[in-house]
Amino acid sequence: MAAELTAHQLIEQHRPTLDQALEAIRTRAYWSPHPEHPKAYGENGSLDAAAGKAAFDALLGSRLDLGQPGTDDWVGDETSPYGIELGVTYPHADVDTLLPAMRAGQRAWRDAGAEMRAVVCLEILKRISDRTHEFAHAVMHTSGQAFMMAFQAGGPHAQDRGLEAVAYAYVEQVRTPDNAEWTKPQGKRDPLALTKRFTPVPRGIALVIGCNTFPTWNGYPGLFASLATGNAVLVKPHPRAVLPLALTVQVAREVLAEAGFDPNLVALAAERAGEGIAKTLATRPEIRIIDYTGSTAFGDWLEANARQAQVYTEKAGVNTVLVESTDNYKGMLSNLAFSLSLYSGQMCTTPQNLLIPRDGIRTEEGPRSYDEVVADLAKSVGGLLGDDARANGLLGAIVNPDVKARLEAAAGLGEVALASREIANPDFPDAVVRTPVIVKLDGAKPDDQAAFMNECFGPVSFAVAVDSAADAVALLRRTISSKGAMTVGAYTTSEEVEEAVQEACLEECAQLSLNLTGGVYVNQTAAFSDFHGSGGNPAANAALCDGAFVANRFRVVEVRREA
């Protein structure tokens, strides 16, 4: 196929955006090229709300033919957490045919160079961005996120993370020059002179193992980091969340072909019900990079068994907030209530354990006992979610039966400070919508420790009574080191306590948010500025995004000759 997108066109269009991304990761200031507001779309080729919804509706019950080699069947049985049967079928691949086809395009992709790869990736992201409304519905009806969250987190925020990965990949690849003239003086003799060429060489085929809750947000960093560093990428979505990543693969293949590259550099690996192909793919010798988001058990299995691959994992952690004192009591409660409620707690960054001294805390309104703090937090969550329409827009839907079962079981673990209630969604009567539960536990009791020292993914939080701030910091440190944490929060007006919490997080390598009382929440991170995870505790072995996340996806090979 003749190239429709020239290198000059792509560089002219996307190099300014790449340069802005490079500046953003250098300064860590706020920046995004992807609008967050739905009304920003509808011009310059992008779909507005009505066109995006129509495009999504047109996908229902369809066959998404990607034109991949080795297709031996059509699979797919996704049902939306909102009760809609999607009915989309996807190509099932004979990997013995598909993987060699993917490798065939890597030479030309490698030789294209870091800049060309980067601008092709930016064209892919631009076309995804133009279809943000369509993708939002796809994310909503596979993850259970409410529409606005699916629009923002599954759209511009995910696209930002993909672009961030491209920027880091570019920086690491151009750190070494393409060519060098090397001369070593030899005294009275002629100098030694060599011409050296340095080429970033991809590791091989990368495997992205997608998750159910954030298919694009968690999938794009690894996908674009690997593609931008010259690797072909095989995308294996979660069986309940195929559509967003299948659409991503479709766009990537179109752009690659139009730019004159082999579209098989990006392919989809959908699976039959119960097939479980992730383990088979992960240990194939052709797979040299793996990106995974999901359970600790399978993440540990990948790290132990996919020995031929560089493995990047984001697993489970026990996120903790220490509450010692505050000078904005209402703001603290409001901020925590939103953090506990957003997407029904189905985020890897949602706080689980709230460590509160049993003697209470200091506030600008006077002292508050442990019982009062927990009761006031429960009241704040109840007020936030008291209106069903607002609650539906914030909670979304429970993504799978396991989350619902954990939520129901949590009420039997201790004294319930806030009971979960069922909420009807008039637009989607089959959606399972539940408000969070808050359970009071004692940090000194072994049975209670057994409950709160393990992740309880979903809308479940434990208000853990501790003897003192020092005990809270010690428990925080032990939790991070043994279980991991994607996020840590703390509320304190004490410089001593703040220093102790900060030191614990620095030593145990956990990302810390202090005294958040406004419109920024502990479970949110901004691309180009915040690091998602640290890669330094058991919750994840990588951070999104930093140099370490991209640098080992390629190696530099040198060719030298006498000048």
Side-chain angles (χ1 to χ4, degrees), residues 25 161-162 164-165 168-169 172 202-215 217-229 231 233-236 238 278-279 281-283 287-320 347-350 352 453-455 457 476-488 504-512 523 525 527 530-555:
I25 63 174
R161 283 297 187 190
E164 180 185 38
Y168 271 104
E172 294 301 325
R203 279 187 170 271
I205 298 174
L207 174 65
V208 174
I209 303 175
C211 68
N212 193 174
T213 48
F214 288 89
W217 198 98
N218 278 110
Y220 283 6
L223 192 165
F224 284 100
S226 288
L227 192 61
T229 49
N231 304 277
V233 182
L234 180 61
V235 179
K236 204 297 290 182
H238 191 284
K279 284 188 176 183
L281 290 172
T283 52
I287 300 298
R288 303 303 302 278
I289 301 167
I290 297 173
D291 287 276
Y292 167 75
T293 300
S295 72
T296 296
F298 191 59
D300 289 345
W301 186 92
L302 287 170
E303 292 170 4
N305 292 278
R307 308 297 296 176
Q308 84 293 349
Q310 181 71 28
V311 179
Y312 300 90
T313 59
E314 181 192 311
K315 300 176 287 190
V318 177
N319 301 319
T320 301
M347 304 173 68
C348 63
T349 50
T350 300
Q352 175 180 299
M453 282 297 285
N454 288 291
E455 186 192 35
F457 184 75
L476 169 66
R477 185 186 291 272
R478 190 168 85 247
T479 303
I480 300 170
S481 64
S482 63
K483 300 297 181 178
M486 295 299 294
T487 56
V488 173
C505 289
L506 289 172
E507 291 187 359
E508 303 300 337
C509 216
Q511 311 294 12
L512 171 65
N523 36 355
T525 59
D530 296 323
F531 293 109
H532 176 73
S534 70
N537 69 64
N541 73 0
L544 305 181
C545 284
D546 61 6
F549 184 69
V550 299
N552 215 12
R553 296 173 190 263
F554 69 96
R555 311 308 299 164

Contact summary for Ala306 and Val311, nearest pair of heavy atoms | O-CG2, 3.9 Å

So, for Met486 and Ala540, which heavy atoms are closest and what is the spacing to 0.1 Å?
-> SD-CB, 4.0 Å

One should read off an interatomic distance between Leu476 CG and Ser481 OG, to the nearest 0.5 angstrom, of 9.5 Å

Sidechain N-carboxylate O distance under 4.0 Å for Glu507, Arg477 | yes

State, to 0.1 Å, how close Leu234 and Leu281 come at their nearest heavy-atom pair, and which atoms those are.
-> CD2-CD2, 4.0 Å

Are the side chains of Glu172 and Arg553 in touch, meaning some heavy atoms are under 4.5 Å apart?
-> no

Nearest heavy atoms of Pro538 and Ile480, plus distance in Å = CD-O, 3.3 Å

Just by distance, do the side chain of Ser226 and the backbone of Asn231 share a donor-acceptor pair under 3.5 Å?
-> no

Any side-chain heavy-atom pair of Arg203 and Asn552 under 4.5 Å | yes

State which residue, out of Leu302, Thr293, Val235, Asp291, fulfils the side chain to side chain contact (heavy atoms under 4.5 Å, CB included) condition with Ile209.
-> Leu302

Rounded to the nearest 0.5 Å, what's the gap from CG on Asn305 to CG on Asp300? Could you check?
-> 10.5 Å

Is the backbone of Ala282 close enough, under 3.5 Å, to the side chain of Gln308 for a donor and an acceptor to pair up by distance?
-> yes

Any side-chain heavy-atom pair of His532 and Glu164 under 4.5 Å | no

Atom pair CZ (Phe549) and CG (Asn541), whose distance is rounded to the nearest 0.5 Å | 9.5 Å

Using the side-chain contact (heavy atoms from CB on, under 4.5 Å) rule, take Leu544 and Trp217 through it: C-alpha gap first, then chi angles, then the decisive distance, then the call.
-> CA-CA 10 Å; Leu544 305 181; Trp217 198 98; 4.1 Å; yes

Step-by-step side-chain contact (heavy atoms from CB on, under 4.5 Å) determination, Ile290 to Lys236 | CA-CA 10 Å; Ile290 297 173; Lys236 204 297 290 182; over 6 Å; no

Between the CD atom in Glu508 and the CZ atom in Arg478, the distance rounded to the nearest 0.5 Å is 11.5 Å

Taking the six-membered ring for Trp and the full ring for Phe, Tyr or His, determine whether the centres of Tyr292 and Phe298 are under 6.0 Å apart.
-> yes

Only residue of Asn454, Asn319, Asn537 satisfying side chain to side chain contact (heavy atoms under 4.5 Å, CB included) with Lys483 is Asn454

Indicate yes or no for a side-chain donor-acceptor contact from Gln511 to the backbone of Gly533 under 3.5 Å, with no hydrogens or angles considered.
-> yes

Minimum side-chain heavy-atom gap Glu303-Thr313 below 4.5 Å | yes

For Glu314 against Cys348, the heavy-atom pair lying closest together | OE2-SG, 2.8 Å

Just how far is it from atom OG of Ser534 to atom CG of Leu506, taken to the nearest 0.5 Å?
-> 10.5 Å

Nearest-0.5 Å distance, CD1 of residue Ile289 to CZ of residue Phe554 = 10.5 Å

Taking all non-hydrogen atoms of both residues into account, name the closest pair between Ala485 and Ala539 and its distance.
-> N-CB, 3.5 Å

